Amino acid sequence: MSTHPKVPGEPVNTGTALLETATAAIQGFGPVNKIHQHLCAFHFYAHDMTRQVEAHHFCGHQNEEMRQCLIYDSPDPDARLIGLEYIVSENLFLTLPDEEKRMWHSHEYEVKSGVLFLPGVPGPIQRQDLEKVCKTYGKVFHFWQVDKGDNLPLGPPQLMMALTRDGQLYDHLARDVEKRYKVSFEKERESRASMEGPELGIHPMANGGGTGLKTVLRETDCKPPIRSSHRVFV
């Protein structure tokens, strides 16, 4: 199954390209322009660890304790936008209700194992940010199941999780990414051994609380809008 399915539809024509050029010169793109970094990692479906996806995060900070990321299936110009991730500090994570905590995953293993990295960024510069990421938690949904070969985003969004221990990531996925980006996860692991995760340790309710979670769409009665009564002021 292809992880980069061809999207159906006619190629962008000259008129559309000219229109985009014109609007780009006139409009502002404040939220997108805040994106300041590219992180590469892997996600798996929260209900099925056998379905693993390469995930390219393009992130911007809301503040020192929260960043938000657009997730694509590659860093190429024609990459598919497949999901979103919110990343928060340990401090903010601890304010969440326990049931909510289950939908968030820890980043300590991803960072310390070397499988989360900033493509093309020298090690010392990476380290400054990864020491922070190592202590954080993330909540991510994928909208496009590219691992199934879907050529459009089908079905409900699915909660995703991150790697938490050795032996989970498929070897062929790891080797492929290492080759394309000229990185060594093992060397990165060695250089990051002294990094520390959350101060209080990984919360037991994080990472699904140790169980699988699946997003399910259910039919329900749709509540009609509340009719406002007319008021007469005298």
Side-chain angles (χ1 to χ4, degrees), residues 2-7 20 24 29-44 52-89 105-144 146-147 160-164 166 168-197:
S2 172
T3 57
H4 298 282
K6 181 177 175 58
V7 178
E20 288 181 339
F29 301 93
V32 178
N33 290 337
K34 283 193 68 174
I35 290 175
H36 66 279
Q37 64 181 188
H38 170 202
L39 301 171
C40 181
F42 301 90
H43 293 153
F44 63 83
Q52 302 178 1
V53 180
E54 180 180 332
H56 292 266
H57 305 54
F58 291 84
C59 308
H61 279 84
Q62 287 291 96
N63 54 47
E64 193 62 29
E65 295 194 68
M66 181 186 179
R67 66 184 81 180
Q68 51 192 14
C69 309
L70 301 175
I71 300 187
Y72 292 83
D73 63 344
S74 84
D76 300 330
D78 64 345
R80 265 64 62 170
L81 175 62
I82 62 174
L84 299 170
E85 179 165 4
Y86 300 99
I87 298 175
V88 299
S89 66
H105 59 265
S106 58
H107 289 129
E108 180 178 358
Y109 175 82
E110 281 191 296
V111 173
K112 298 190 68 172
S113 67
V115 301
L116 188 156
F117 65 100
L118 283 71
V121 177
I125 299 178
Q126 280 200 64
R127 187 179 184 88
Q128 293 182 43
D129 190 58
L130 293 180
E131 285 181 337
K132 298 178 182 180
V133 177
C134 197
K135 302 176 184 296
T136 63
Y137 292 87
K139 180 181 183 181
V140 56
F141 281 92
H142 280 201
F143 304 97
W144 198 330
V146 290
D147 65 299
M160 308 294 282
M161 290 292 172
L163 306 168
T164 56
D166 290 344
Q168 292 179 333
L169 179 62
Y170 285 134
D171 187 67
H172 71 277
L173 292 180
R175 299 292 82 81
D176 178 49
V177 167
E178 286 181 306
K179 180 179 179 180
R180 279 188 284 119
Y181 293 98
K182 296 179 173 58
V183 297
S184 167
F185 293 158
E186 191 55 41
K187 288 182 179 179
E188 289 297 327
R189 180 196 292 263
E190 294 172 1
S191 69
R192 303 176 189 182
S194 62
M195 290 188 182
E196 298 181 354

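The shown structure was predicted, so the numbers you read here are calculated from the model rather than taken from an experiment. Sequence positions, counted from 1, serve as the residue numbers for this chain. Scope of the values below: all heavy atoms of this structure, side chains included, with no hydrogens, waters or symmetry mates.
Evaluation of the side chain to side chain contact (heavy atoms under 4.5 Å, CB included) rule for Pro122 yields Pro124, Ile125 as partners, not counting sequence neighbours. By the side chain to side chain contact (heavy atoms under 4.5 Å, CB included) test, Lys139 pairs with Glu100, Met103, Trp104, Phe141, sequence neighbours left out. For Cys59, the disulfide (SG to SG under 2.5 Å) test picks out Cys69, with sequence neighbours left out. Contacts of Gln52 classified as side chain to side chain contact (heavy atoms under 4.5 Å, CB included), with partners at least two apart in sequence or in another chain: Phe44, Met49, Leu169, Tyr170, Leu173. For Glu186, there are no side-chain hydrogen bond (donor to acceptor under 3.5 Å, both in side chains) partners, not counting sequence neighbours. For Phe58, the ring-ring contact (aromatic ring centres under 6.0 Å, His included) partners are His38, Tyr72, not counting sequence neighbours. Applying the side-chain hydrogen bond (donor to acceptor under 3.5 Å, both in side chains) rule to Lys132 yields the partners Glu64; only residues at least two apart in sequence or on another chain are considered. Looking at residues two or more places apart in sequence or on another chain, you find a salt bridge (charged side-chain N to carboxylate O under 4.0 Å, His left out) between Arg175 and Asp171, Glu178. In this view, Glu108 satisfies the side-chain hydrogen bond (donor to acceptor under 3.5 Å, both in side chains) rule with no residue, not counting sequence neighbours. For His36, the side-chain hydrogen bond (donor to acceptor under 3.5 Å, both in side chains) test picks out His61, with sequence neighbours left out. In this structure Ser106 satisfies the side chain to side chain contact (heavy atoms under 4.5 Å, CB included) test together with Tyr137, Thr164, Ile202, Asn207, sequence neighbours excluded.
Counting heavy atoms from C-beta on, the side chains of Lys34 and Gln62 come closer than 4.5 Å. Counting only heavy atoms from C-beta outward, the side chains of Asp166 and Arg189 approach each other to under 4.5 Å. Within the 4.5 Å cutoff, the side chain of Val115 has no heavy atoms near those of the Val177 side chain.
Here Ser113 contributes atom OG and Glu188 contributes atom CD; the two are 10.0 Å apart, rounded to the nearest 0.5 Å. One distance of note links SG of Cys40 with CZ of Arg180; it measures 7.0 Å at 0.5 Å rounding. Separation of atoms CD (Gln68) and CD1 (Ile35) is listed at 9.0 Å; rounding is to 0.5 Å. To the nearest 0.5 angstrom, Met195 atom CE is 4.0 Å from Arg127 atom CZ. Leu116 contributes atom CG, which lies 9.5 Å from atom CG of Leu163 (distance to the nearest 0.5 angstrom). Interatomic distance, His142 NE2 to Leu81 CG, rounded to the nearest 0.5 Å: 10.0 Å.
Without hydrogens or angle criteria, Glu65 side chain to Ser89 main chain gives no donor-acceptor distance under 3.5 Å. The main-chain N or O of Ala79 is never found under 3.5 Å from a side-chain atom of Asp76 such that the two would form a donor-acceptor pair. At distances below 3.5 Å, not a single donor-acceptor pair connects side-chain atoms of Asp147 with backbone N or O atoms of Val53.
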Working for side chain to side chain contact (heavy atoms under 4.5 Å, CB included), residues Gln37 and His57 | CA-CA 8 Å; Gln37 64 181 188; His57 305 54; over 6 Å; no
Dump the intermediate steps for side chain to side chain contact (heavy atoms under 4.5 Å, CB included) on Arg67 and Asp129, then the final yes or no.
-> CA-CA 12 Å; Arg67 66 184 81 180; Asp129 190 58; 3.1 Å; yes
Evaluate the criterion side chain to side chain contact (heavy atoms under 4.5 Å, CB included) for residue pair Val88 and Thr136; output intermediate values, then yes/no.
-> CA-CA 6 Å; Val88 299; Thr136 63; over 6 Å; no
Verdict with supporting geometry, His107 and Leu39, side chain to side chain contact (heavy atoms under 4.5 Å, CB included) = CA-CA 12 Å; His107 289 129; Leu39 301 171; over 6 Å; no
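The heavy-atom pair separating Gly138 from Glu85 by the smallest distance is CA-OE2, 3.5 Å. Here the closest non-hydrogen pair linking Val111 and Arg192 is O-NH1, 2.7 Å. Considering all non-hydrogen atoms of both residues, Ser74 and His56 come closest at CA-CD2, 3.4 Å.
More than 12 non-hydrogen atoms from other residues, nucleotides or ligands lie less than 6.0 angstrom from CZ of Phe143. The number of heavy-atom neighbours closer than 6.0 Å to CD of Glu131, taken from other residues, nucleotides and ligands shown, is above 12. Other residues, nucleotides and ligands contribute only 12 or fewer heavy atoms inside 6.0 Å of the NZ atom of Lys187.
Ring-plane geometry between Phe185 and Phe117 is classed as tilted, the angle between the planes lying from 30 to 60 degrees on a 0 to 90 degree scale.
Sorted by first and then second residue, the salt bridge (Lys or Arg N to Asp or Glu O under 4.0 Å) pairs involving residues 109-126 (not counting sequence neighbours) form an empty list.
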